[in-house]
Number of protein chains: 2
Amino acid sequence: MSSEKLKNTGLKITNARLAIFGVFEQEQDKHLSAYNIQDRLKQTNIEISLATIYRVLGQFEEAGLLQRHEFDDDKALYELYDGEHHDHMICNKCSNVIDFIDDDINNRKDKVLEKYNFLMSGHRLVLYGTCNDCR
Amino acid sequence: MSSEKLKNTGLKITNARLAIFGVFEQEQDKHLSAYNIQDRLKQTNIEISLATIYRVLGQFEEAGLLQRHEFDDDKALYELYDGEHHDHMICNKCSNVIDFIDDDINNRKDKVLEKYNFLMSGHRLVLYGTCNDCR
DNA sequence: TTTATTGCAAAACCTTTGCATGTAT
DNA sequence: ATACATGCAAAGGTTTTGCAATAAA
């Protein structure tokens with residue numbers, strides 16, 4: 001339940017927060033910009049200002065509920081954080097973002113890290129191209 | 001020589017274009033924002049408007065002279081395009097961007113692409129962490 | 001001379017912030 | 001009652017664009 005997860009963050013349970021979190025739970029597109037979220041909410045006759053949406057997204061990210069991504073255009077997209085790292089494929093045609101898990105990447109990276117004496121804290125892998133539906 | 005490469009693009013050879021391309025050739029930091037470039041040019045008493053810099057960067061990218069990256073903050077960085085793909089490590093402390101070549105990544109990606117029937121046209125891998133100098 | 005390029009100022013776009021009002025605890 | 005959330009309007013930063021002046025071919 002949304003309210004459970006929200007309660008654990010220490011943030012107050014407000015209509016805005018419930019509504020915004022709700023958008024992510026109703027699993028359509030999973031990668032959403034602030035504007036996307038406002039748009040979705042309007043369709044349910046819920047009006048929330050962008051200022052609040054941006055503030056709440058930031059709080060949710062800090063709380064570990066959401067993950068923030070910046071892909072190619074310069075707007076941030078958010079998605080639910082599921083606890084394990086996954087990577088992304090982005091379709092040039094339909095702009096869809098597809099998650100995938102890459103089991104092998106950690107081993108490969110280690111070689112690079114060692115060579116450069118780089119202490120890695122995170123990584124981002126994005127594949128660009130044409131998705132199954134658009135081929 | 002700069003002018004050779006520029007000539008091949010079909011773009012007119014102007015002072016602005018020579019100066020901007022020149023900045024990338026004098027190999028210090030290799031990853032530069034529009035503002036960085038303007039700043040560097042000022043140090044040589046060359047004044048070029050940001051409007052022009054943005055336009056030229058776009059043209060150079062289209063011509064294949066430069067590659068555009070958007071890492072974490074929301075400003076674009078450009079670097080010379082050398083014809084072969086390389087990936088990036090970004091240091092949290094000094095913000096330096098380090099290029100590296102990952103020989104194995106192609107094999108890894110193929111599995112994923114096959115599974116999702118995704119036709120890849122490009123990819124981006126960024127490792128975040130602490131670089132050798134900052135450890 | 002023709003066409004492309006430049007600078008300026010204004011605008012577009014995404015995101016953040018100050019402040020006064022409203023709401024959860 | 002207190003502390004936190006919200007909306008509005010304004011402002012921030014990066015990038016784009018219309019237009020008149022300028023320079024390359």
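These figures come from a predicted structure and were not determined experimentally.
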Is A/I13 reachable from A/L65 through a run of hydrophobic residues whose side-chain heavy atoms are each under 4.5 Å from the next? yes
Please report the distance, rounded to the nearest Å, between CG in A/D73 and P in C/dC14. 9 Å
How does protein contact run along nucleotides 16-22 of chain C, one letter per nucleotide 5' to 3', with B for base contact, S for sugar-phosphate only, - for none, heavy atoms under 4.0 Å? BBB----
Aromatic rings B/H88 and B/H31: how do their planes relate, parallel, tilted or perpendicular, breaks at 30° and 60°? perpendicular
Length of the CG-P vector between A/L77 and C/dC13, whole Å: 17 Å
Pairs meeting criterion salt bridge (Lys or Arg N to Asp or Glu O under 4.0 Å) with involvement of residues 86-99 of chain B, two or more places apart: B/K30-B/D99
Take atom CD1 of B/I48 and atom P of C/dC8, then tell me their distance rounded to the nearest Å. 12 Å
Going by side-chain contact (heavy atoms from CB on, under 4.5 Å), name the residues that satisfy it together with A/E62, two or more places apart in sequence or in a different chain. none
B/E47 CD to C/dT6 C1', in whole Å, measures 14 Å
Round to a whole Å and report the spacing from CZ of B/F60 to P of C/dA4. 17 Å
To the nearest angstrom, the NZ-C1' distance between B/K75 and C/dT15 comes to 15 Å
Any protein N or O atoms within reach of nucleotides 23-25 of chain C? Criterion: under 3.5 Å, listing atom names and distances.
residue, atom, partner, partner atom, Å
C/dT25, OP1, A/I13, N, 3.3

Check for me, please, whether B/Y35 and B/I53 land in the same ILVMFWY cluster - side-chain distances under 4.5 Å, paths through other members count. no
Does the side chain to side chain donor-acceptor pair (under 3.5 Å) test come out yes or no for A/Q59 and A/R17, once each step is laid out? CA-CA 10 Å; A/Q59 293 155 345; A/R17 293 201 176 114; 3.1 Å; yes
Among Ile, Leu, Val, Met, Phe, Trp and Tyr joined by side-chain contacts under 4.5 Å, find the other residues sharing a cluster with B/Y81 and list them by chain and number. none
What pairs with B/N117 under side-chain contact (heavy atoms from CB on, under 4.5 Å), at least two apart in sequence or on another chain? A/N132, A/R135
Under a 4.5 Å side-chain heavy-atom rule over Ile, Leu, Val, Met, Phe, Trp and Tyr, are A/L50 and A/F21 clustered together? yes
If we fit an axis to the first five pairs and another to the last five of the helix from C/dT1-D/dA25 to C/dC13-D/dG13, what angle do they make, to the nearest 10°? 30°
Of all residues at least two apart in sequence or in a different chain, which pass the side-chain contact (heavy atoms from CB on, under 4.5 Å) check with A/D82? A/E84, A/H86
side-chain N/O B/S49 vs C/dT6 OP1/OP2, d < 4.0 Å: no
Using the heavy-atom set of chain A and a strict 4.0 Å cut-off, write down the first and last nucleotide of DNA chain D that makes it in, 5' to 3'. D/dA3 to D/dC8
With sequence neighbours excluded, residues passing side-chain hydrogen bond (donor to acceptor under 3.5 Å, both in side chains) with A/T9: none
Residues that A/T14 engages under side-chain hydrogen bond (donor to acceptor under 3.5 Å, both in side chains), provided they are two or more places apart: none
Each residue besides A/I90 in its hydrophobic cluster should be listed here, by chain and number; the cluster joins Ile, Leu, Val, Met, Phe, Trp and Tyr at side-chain heavy-atom distances under 4.5 Å. A/F71, A/L77, A/V97, A/V126, A/Y128
Expressed in angstrom and rounded to an integer, what is the separation of B/L18 atom CG from C/dT6 atom P? 10 Å
